[in-house]
Asks: 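Next up is a structure, given as structure tokens.
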Amino acid sequence: MAERFERHRQPWRPDEVQKLHTLAKKGMALKAIAKALTRSEESVKERAKLDGLNIAKLH
């Protein structure tokens, strides 16, 4: 069964976007970033793409 995220479809807050940028620049894997932000991997991937960030594909 897939994990449920309490923050489903919630807008990104500025502090979350900042944390996403920081973690992505450190080279963290998608799964780890999603867990740190309590967001789905798909949500993190979409936001990173929107912001032009590259995220490590490692699991």
Side-chain angles (χ1 to χ4, degrees):
M1 190 167 116
E3 260 185 83
R4 287 287 302 147
F5 290 91
E6 296 296 318
R7 316 255 348 275
H8 186 67
R9 298 225 178 253
Q10 294 294 311
W12 284 77
R13 297 188 320 254
D15 62 310
E16 290 178 313
V17 174
Q18 183 62 45
K19 191 170 183 179
L20 170 61
H21 282 249
T22 302
L23 298 176
K25 285 180 181 138
K26 285 183 179 178
M28 275 182 81
L30 177 61
K31 190 174 256 182
I33 294 173
K35 193 167 197 150
L37 294 171
T38 62
R39 290 201 175 253
S40 69
E41 290 179 34
E42 197 59 40
S43 174
V44 171
K45 204 187 305 181
E46 277 297 312
R47 183 62 203 215
K49 188 176 176 183
L50 192 68
D51 290 358
L53 296 172
N54 288 324
I55 294 183
K57 302 285 190 266
L58 309 170
H59 283 84

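Quick caveat: nothing in here was measured; it's all calculated off a predicted structure. Any value given below was found using the heavy atoms of this structure, including those in side chains, with hydrogens, waters and symmetry copies removed.
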Asks: Between the side chains of E16 and R39, is the shortest nitrogen-to-carboxylate-oxygen separation below 4.0 Å, so that they form an ion pair?
Replies: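 The answer is yes: the pair qualifies as a salt bridge.
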Asks: Give the C-alpha distance, both sets of side-chain angles, the deciding distance and a yes or no for side-chain contact (heavy atoms from CB on, under 4.5 Å) between L53 and H21.
Replies: CA-CA 7 Å; L53 296 172; H21 282 249; 3.7 Å; yes
Asks: At their closest point, which heavy atom of L20 faces which heavy atom of R47, and how far apart are they?
Replies: CD2-CG, 3.5 Å
Asks: Output all residues satisfying side-chain contact (heavy atoms from CB on, under 4.5 Å) with A32, sequence neighbours left out; order by chain, then residue number.
Replies: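 Here the qualifying residues are M28.
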Asks: List the residues meeting side-chain contact (heavy atoms from CB on, under 4.5 Å) with E46, not counting sequence neighbours, and say none if there are none.
Replies: E42
Asks: Identify the residue among I33, L30, I55 that makes a side-chain contact (heavy atoms from CB on, under 4.5 Å) with K45.
Replies: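 With K45 as partner, I33, L30, I55 yield a single side-chain contact (heavy atoms from CB on, under 4.5 Å), made by L30.
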Asks: Give me the one residue out of D51, V44, L50 that meets side-chain contact (heavy atoms from CB on, under 4.5 Å) with W12.
Replies: V44
Asks: More than 12 foreign heavy atoms under 6.0 Å from CG of N54: is that the case here?
Replies: no
Asks: Roughly how far, to the nearest 0.5 Å, is NZ of K19 from CG of D15?
Replies: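 Rounded to the nearest 0.5 Å, the CG-NZ separation comes out at 8.5 Å.
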